[in-house]
Amino acid sequence: MPFPATSSFRSLPSHLATSILLNSNSAKLQSPILMSLPQNRSSFPRHLNRSISKAPPNSSAVIRPILTVRASTKTPSPAADTKLIAISSAVTIAFAVANRVLYKLALVPMKEYPFFLAQFTTFGYVVIYFSILFIRYRAGIVINEMLGLPKSRFAAIGMLEAIGVASGMASAAVLPGPAIPILNQTFLVWQLVFSAVLLGRRYSFYQIGGCLLVAVGVIVAVTSGSDTGQMLSGIELMWPGVMIASAAFQAGASIIKEFIFVDAAKRLNAKSLDIFVVNSFGSGFQALFVLLLMPLLSNLKGIPFMELPSYLKSGAACFLKLGGETSGCEGAPLLPLLYIATNMAFNISVLNLLKVSSAIVASLAVTLSVPISIYILSLPLPYLPDGASLSPFFLFGSLILMSGLVVYNIAQPSKEGSKSG
């Protein structure tokens, strides 16, 4: 479920924070197949293992796998931990910047076919996630009770993310590169509003203030200045609105995911719901709804319903660079495939950083990628040779937005005491 990552973790249990931040594009660090091993496995004393192994063939004794747990006697070095966190942070920032930049570059050759790209990437994630889910199910990590959770909630996630991804790609194909990271940060504002209204969460004064600064920064960055000084000069106002609405749909989906994890803890007797269950079924329904909503969403680009088959065929030809009408498709399929690969690498790196440090460190690392991405996207790039001019108003708005993100993230440790039950 591809979508540029936002810059905030909420103070949730680790499995919630990791799954909600990344708009469902989460993959576990090091080995996604072996993550979240069951936590209720037992190791038997040797004399008990012997007695079980000697039990008669018809005995009713239950034979369990022998698992020996040995505690390390080495104390982790603080210097080594600091170095690991620093390296992990640098890797996360690099992948976060690459993810944002390639999101825009992937849409350069597919500018006329954003809905084809949305469908292609969605189906790509379906194949990847369900393959991992199948392996984890065979390994006993995912159990039948997890697969039996109500599917209506996953359908709601899929519908919201389908609209969010398709509309986001449609607007990103038109918007200047530096404006995209700025507008995507409204995800944080929507997320705070939805969680307060739907989940009854309470936020501190600083967190609310941080969100307000984010909103003000977005407004200043994209609307202030003279017509020639505006970042969005010459672009229909509809497209920034579509990008902000896209962030709202993604935020709504993240709130439903949070509810699923909380509810699953009750249904599974306090067992942790495997993240790939949510990712897989969410991606599956997202692919379905992208297909079903294609006629409606295509109206944003003025594509009549009867021309959709021809549109998708032309999109496939552009992506694969087949046929004679591939002018303007330079960069495909390399750039879209690089975006998908980088997006998954970013998800893995941010989860790794979360594991070795904390949600605050991970969130601030992603936050730091915003101004770097804006600067890089303003430069002449391959397939974007013109670059973009950053007006003083845009830079001032970006500074306000960054201040809001920092204030919100720094205030997160106080959240636990401010939540409602």
Side-chain angles (χ1 to χ4, degrees), residues 1-5 15-16 18-39 95 99 102-103 106 116-151 153-162 164-166 169 250 253-254 256-257 260-261 264 268 271-292 316 319-320 333-352 354-355:
M1 290 173 275
F3 189 75
H15 65 283
L16 298 186
T18 57
S19 63
I20 293 170
L21 169 72
L22 302 175
N23 315 302
S24 301
N25 285 338
S26 300
K28 190 61 177 178
L29 56 133
Q30 298 174 358
S31 175
I33 308 301
L34 300 177
M35 70 173 258
S36 303
L37 291 173
Q39 300 174 3
F95 276 124
N99 184 55
L102 284 170
Y103 178 68
F116 172 84
L117 183 60
Q119 188 72 350
F120 175 81
T121 54
T122 300
F123 275 108
Y125 283 110
V126 169
V127 173
I128 293 171
Y129 284 138
F130 271 102
S131 297
I132 295 175
L133 180 66
F134 176 75
I135 296 173
R136 292 168 66 77
Y137 177 75
R138 293 293 300 270
I141 300 171
V142 174
I143 59 178
N144 290 327
E145 287 79 2
M146 295 180 184
L147 301 178
L149 292 175
K151 301 302 184 294
R153 297 163 184 173
F154 297 117
I157 291 173
M159 182 181 68
L160 291 173
E161 290 191 329
V165 168
M169 285 191 169
Q250 294 283 342
S254 76
I256 299 177
K257 292 174 195 173
I260 287 176
F261 276 104
L268 302 175
K271 292 180 181 178
S272 176
L273 175 62
D274 189 86
I275 191 174
F276 283 99
V277 174
V278 179
N279 286 351
S280 299
F281 285 107
S283 295
F285 280 110
Q286 180 184 337
L288 174 63
F289 278 107
V290 167
L291 189 62
L292 294 177
F319 181 83
L320 298 172
L334 177 62
L335 291 177
L337 292 177
L338 277 177
Y339 165 66
I340 295 174
T342 303
N343 185 267
M344 296 200 71
F346 165 68
N347 295 337
I348 294 172
S349 68
V350 78
L351 286 170
N352 178 64
L354 182 68
K355 180 183 179 182

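Since we're looking at a predicted model, the values are computed, not measured.
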Could you grab the distance from atom [atom1] of [X] to atom [atom2] of [Y], nearest 0.5 Å is fine?
X	Y	atom1	atom2	value
Leu338	Asn99	CG	CG	12.0 Å
Asn352	Ile348	CG	CD1	9.5 Å
Tyr103	Leu335	OH	CG	14.5 Å
Asn279	Ile132	CG	CD1	9.0 Å
Phe123	Gln286	CZ	CD	10.0 Å
Leu291	Thr122	CG	OG1	10.5 Å

Just by distance, do the side chain of Ser280 and the backbone of Val277 share a donor-acceptor pair under 3.5 Å?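 Such a contact is absent between Ser280 side chain and Val277 backbone.
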Any chance CZ of Phe95 has more than 12 other-residue heavy atoms, nucleotides or ligands included, within less than 6.0 Å?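 Not more than 12 within 6.0 Å, no.
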Can the ring centres of Phe130 and Phe276 be said to be less than 6.0 Å apart?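 No, the ring of Phe130 stays outside the 6.0 Å limit from the ring of Phe276, centre to centre.
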Side-chain heavy atoms of [X] within contact of [Y], under 4.5 Å:
X	Y	value
Asn144	Tyr137	yes
Val290	Phe120	no
Tyr125	Asn343	yes
Ile256	Leu160	yes
Ile260	Ile157	yes

Mind listing the closest non-hydrogen atom pair of [X] and [Y] along with its distance?
X	Y	result
Val278	Phe154	CA-CE2, 3.7 Å
Ala264	Leu149	CB-CD1, 4.1 Å
Ala162	Phe289	CB-CB, 3.7 Å
Ala118	Val165	CB-CG1, 4.1 Å

Within 45 degrees of the axis of the six-membered ring of Phe285 and under 6.0 Å from its centre: does Lys151 put its NZ or CZ there?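 Checked: cation-pi criterion not met.
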